[in-house]
Amino acid sequence: MSQTSLNSRQRWLRPLLISSGVVLTLLLLVVPLIFIFVAAFSAGIGGVWRNLAEPDMLHAIGLTLLVAGLTVPINLIFGTLIAWCVTRFSFPGRRLLLTLIDIPFAVSPVVAGLLYLLLYGSNGPFASLLDQHDVQLMFAWPGLVMVTVFVSCPFVVRELVPLMSTLGTEQEEAAVLLGASGWQVFWHITLPNIRWALLYGVILTNARAVGEFGAVSVVSGTIRGQTNTLPLHIELLQQDYNTAGAFIAAALLTLIAIATLVVKAFLQWKLARQE
Amino acid sequence: MMQNTKKFTLLLLAAVLAAPVTAKELLNSSYDIARELFAEINPLFIEHYKQQTGETLEIKQSHGGSSRQAQAIIQGLRADVVTFNQSTDIDILHQRGNLLPADWRDRLANNSSPYYSTMAFLVRKGNPKQISSWADLTKDGVGLVFPNPKTSGNARYTYLGAYGDALARFDNDEQKAQQWLQTFLSRVVVFDTGGRGATTSFVDRELGDVLITFESEVNNIIAQYPEQQFERVVPPTNVLAEFPVAWIDKNIQRNGTEQQAKAYLTYLYSKEAQQVLARYFYRVHNPDVIEATKAQFPPTSLFTVEQVFGSWEQVQQQHFASGALLDKLLAQGKR
């Protein structure tokens, strides 16, 4: 008796739960996403093309790719080194180092931007040194790269540390005993083991680097065609009453994000199979 | 399609790589709503300068709230010239960064303000609340929209315009004027942080009955949203809002752009540039242009901030500093 009533209740509970889940997903995720593209194409194909061919837009796209293109390798190398350090060696301050790595996640990106501005701006301690050599860091592309590296540096480390801890050091020790050099150990033993996690970290870093707004907005100075990244450009277009243009830029960022997610999903699947 | 993609990639590469060009470059740091204006003036100046000297310039623009722009310059943004909507923000470049001399105002005509504006009211179709003066704004059931005077230069003029008009109305009786001002402030439906935000509140979110902003901006909004049939009201007494410009001595020396920067700012006084400015509904000084555009600008008796309130420094201390008059009036209005 009770069995049948449960079954009959389940019969309508299940579709209800599933459909409400689907409806929520549609409302909260899919519809806004589609709306971005609808709004972007409201200007027509010609309008999209015209907006994309704008020199300022092209520059923003190029600059965003440049910043991400520099940030990712820097954080890839830095992250791997740190992860190697904390999982393969034990030294005083190891835990502290691991905690410090998380600082960029803990502080607001705006604070990160301000920190760099105070340190490397014209009122900072390095001002006269930078001035002498005529080096402009803040309000120029190097500053954008610096803050982006800062806000996205934990991703690779966070991916690698758990994996490398569980992997242990046996294989590497064996390789060393057999006479392998440090580089050989890394290249032939460690890297094949961590490559998927590493790629996953890279993808997350890239996603963050492309989309970063807060920190970049503080150090950019928003000079059109010079220090304007794509997320900043969206805001400027919006302020110019160029809504279609803003949505086109937003759609472009969304496309990058979707591409990133697809690659990420693929890697996750691959990672799951490997383990 | 394939060709398009290729062309796009090439354009992209060109755009990024062409950044460090050999042509002399001027960076104009400006307030946030001036982009379209300078997008039109800059090509004219480049052409003019080329004819005069044979040199081809490139002009870059940076736009933002003018206090924020000033802050960026103090912290190292190498702007050659500033075109702001608030002279205090240029003063700060002298006080905090010593980037230009204190007497920068005297270097160009009209207090270094090649154009000016005043405050105007944007009302909904048909002016349903019958607004024609500052005093009308406190009529029952009138909701106001303007940005926060703490963060926006635009709104500081609104505050000073309202106060100045009240002082005139009440024969300089400060108490009565402040009482009225308190009611005026209590009628504000939303305090956005900047001019464009206030516009969005009024136009898109349909908040309030009157949007108060620069006359130039009011006209631009009317042109921008013709289907809404907004109307413009310029009150009979009003505050003069200067749009000061200056070259940044320290930066032009470093960038080697002294001659170009000065020529650029001087050009803003030329008939050509003033025509463009008038088209963007700024009031200008060139007699020919004034004559030609008379119909655009309703007559209003303008007072300057200095005439009524003393120096901007005093204004800042007495009205806008933390705990000063504005804060007091806002707090009382809430009670």
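Please read all numbers here as calculations on a predicted model, not as lab measurements. Each chain gets a letter, A, B and so on, in the order its sequence line appears, and its residues count up from 1.
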Checklist entry - Considering only heavy atoms, which portion of A/Ile223 lies under 4.5 Å from any heavy atom of chain B: side chain, backbone, both, or neither? => result both
Checklist entry - So what's closer than 4.5 Å to chain A heavy atoms on B/Arg96: side chain, backbone, both or neither? => result neither
Checklist entry - Checking heavy atoms, do the side chain of B/Ile221, its backbone, both or neither come under 4.5 Å from chain A? => result side chain
Next on the checklist: My understanding is that only residues two or more places apart in sequence, or in another chain, count here; which of them pass ring pair (Phe, Tyr, Trp, His ring centres under 6.0 Å) with A/Phe37?
Outcome noted: none
Checklist entry - Should we count CZ of A/Arg50 as having more than 12 external heavy atoms under 6.0 Å? => result no
Next on the checklist: Counting only heavy atoms not in B/Arg68 (residues, nucleotides, ligands), do more than 12 fall under 6.0 Å from its CZ?
Outcome noted: no
Item to check | Which portion of A/Asp131 sits near chain B, non-hydrogen atoms under 4.5 angstrom | outcome: side chain
Item to check | Nearest atoms (heavy-atom pairs only) where A/Gly221 meets B/Ser62 | outcome: O-OG, 2.6 Å
Checklist entry - Does atom CZ of A/Phe35 have more than 12 heavy-atom neighbours, drawn from other residues, nucleotides or ligands, at distances under 6.0 Å? => result no
Checklist outcome for this item: Those residues at least two apart in sequence (or on a different chain) that pass ring pair (Phe, Tyr, Trp, His ring centres under 6.0 Å) with B/Phe45 are B/Tyr49, B/Tyr264, B/Tyr267
Next on the checklist: Once rounded to the nearest 0.5 Å, what's the spacing between atom CZ of A/Arg224 and atom CD of B/Gln61?
Outcome noted: 8.5 Å
Checklist entry - Do other residues, nucleotides or ligands put more than 12 heavy atoms under 6.0 Å from B/Lys250 NZ? => result no
Checklist entry - Can you tell me how far CG of B/Leu77 sits from CD of A/Gln136, rounded to the nearest 0.5 angstrom? => result 7.5 Å
Checklist entry - Heavy-atom distance under 4.5 Å to chain A: side chain of B/Thr200, backbone, both or neither? => result neither
Item to check | Residue pair B/Arg78 / A/Asp134: nearest heavy atoms and the distance that separates them | outcome: NH1-OD1, 3.2 Å
Checklist entry - So do the side chains of A/Leu118 and B/Gln75 get within less than 4.5 Å of each other, counting heavy atoms only? => result yes
Item to check | Largest heavy-atom contact set with chain B, pairs under 4.5 Å, which of A/Ser220, A/Ala127, A/Gly124, A/Ser217 | outcome: A/Ser217
Checklist entry - Which region of B/Ile74, side chain (C-beta onward) or backbone (N, CA, C, O), has a non-hydrogen atom less than 4.5 Å from a non-hydrogen atom of chain A, or is it both or neither? => result both
Item to check | Pairwise distance CG(A/Asp56) to CZ(B/Arg35) - rounded to 0.5 angstrom | outcome: 6.5 Å
Checklist outcome for this item: So CG of B/Asn251 and OG of A/Ser122: to nearest 0.5 Å the spacing works out to 8.5 Å
